[in-house]
Amino acid sequence: MALKKPTKIQFGGLELQLQLTGRTVLNIEGRLRESMVGLFINSEGGFRLPPANKLLIVIQGANTTHGVTDEVIADAFGKYLEEGHTTMDLMNIVQNLLDTSGFLGNKADSKKGEKQESGKIVTLDAPEENKNSPLE
C-alpha cells in the first residue's frame, strides 16, 4: 500500500482529508475488530453492506483534519443524511478511500506475477497445452 495524498471529502458540513497509512489501518482495524476488507465480505464470501457506525470508524480513523472527534463525526453524519445522502453514499466514500489508497490493489496489480521476457508474457498459471507438440 503506497502512501498517497489525502483524499478531500465534504461530509455533513465538514471538509475532511482522509488518508490510509499502515498505522491508521492498524488503529482502524483494532477499533473495528475485523479487517477493513471484511467490512464488505460476509463469511460465505458474498458482498455485505456494513453498518454505518463501522463506516464512520473508517472515516474517523483515516481523517487527518485536526480536532474532528467521534462526536463531531456523528453530528456530521446526521447532517450528511439531512442533506439527502444515504448510507450507500457513505459506503462509496469508504470504498473510494480504500481504492485510491491502494488498499484493494490497483490496476497494475492485476498483472502481478507476470513478467515480460523476450516479448512473451510469463504467468504463474499452468501452461497452456501445445496441441502441435509431438510429445503430447
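Numbers here simply count residues along the sequence, with the first being 1. Quick caveat: nothing in here was measured; it's all calculated off a predicted structure. Heavy atoms only: backbone and side chains are in, while hydrogens, waters and symmetry mates are out.
Evaluation of the salt bridge (Lys or Arg N to Asp or Glu O under 4.0 Å) test over residues 53-64, restricted to residues two or more places apart or in two chains, returns E34-K54.
Contact annotation: the side chain of L14 never approaches that of N63 to less than 4.5 Å [non-hydrogen atoms, C-beta and beyond]. When side chains are defined from C-beta on, L56 does not count as touching D70, because their heavy atoms never get closer than 4.5 Å.
With values rounded to the nearest 0.5 angstrom, Q10 atom CD is found 5.0 Å from E15 atom CD. For the atom pair CD (E44) and CG (N42), the distance works out to 4.5 Å, reported to the nearest 0.5 Å. The line from CD1 of I73 to CG of N53 is 13.0 Å long, rounded to the nearest 0.5 Å. Note that CD1 of I28 and CG of L20 are 5.5 Å apart. Values are rounded to the nearest 0.5 Å. Summarising the geometry, atom OG1 belonging to T64 is positioned 6.0 Å from atom CD belonging to Q19; distances are rounded to the nearest 0.5 Å.
What you find for V72 and G67 is that their closest heavy atoms are CG2-O, 4.3 Å. Heavy atoms only, all atoms of each residue included: L16 and T65 are closest at CA-OG1, 3.6 Å. In terms of heavy atoms, E83 sits closest to G13 at OE2-N, 3.8 Å. Shown here for M91 and P50, the closest heavy-atom pair between the two residues is SD-CD, 4.0 Å.
Side-chain atoms of R48 come within 3.5 Å of backbone N or O of G38 as a donor-acceptor pair. Listed for the T24 side chain is no donor-acceptor partner under 3.5 Å among the backbone atoms of A62. Under the 3.5 Å distance criterion, the side-chain polar atoms of N96 are matched with a main-chain donor or acceptor of N92. Under the 3.5 Å distance criterion, the side-chain polar atoms of D89 are matched with a main-chain donor or acceptor of T86.
In terms of hydrophobic clustering, with Ile, Leu, Val, Met, Phe, Trp and Tyr side chains grouped at heavy-atom distances under 4.5 Å, L32 and L26 are assigned to different clusters.
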Do L55 and T87 pass the side-chain contact (heavy atoms from CB on, under 4.5 Å) test, and can you show the C-alpha distance, the side-chain angles, and the key distance before you say yes or no?
CA-CA 9 Å; L55 296 171; T87 54; 5.6 Å; no
Apply side-chain contact (heavy atoms from CB on, under 4.5 Å) to F77 and I59, showing your working.
CA-CA 11 Å; F77 178 58; I59 289 173; over 6 Å; no
Applying side-chain contact (heavy atoms from CB on, under 4.5 Å), run through T7 and I93 and close with a yes or a no.
CA-CA 10 Å; T7 301; I93 290 172; over 6 Å; no
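The aromatic rings of H85 and Y80 sit parallel to each other, their planes meeting at less than 30°, with 60° as the upper class boundary.
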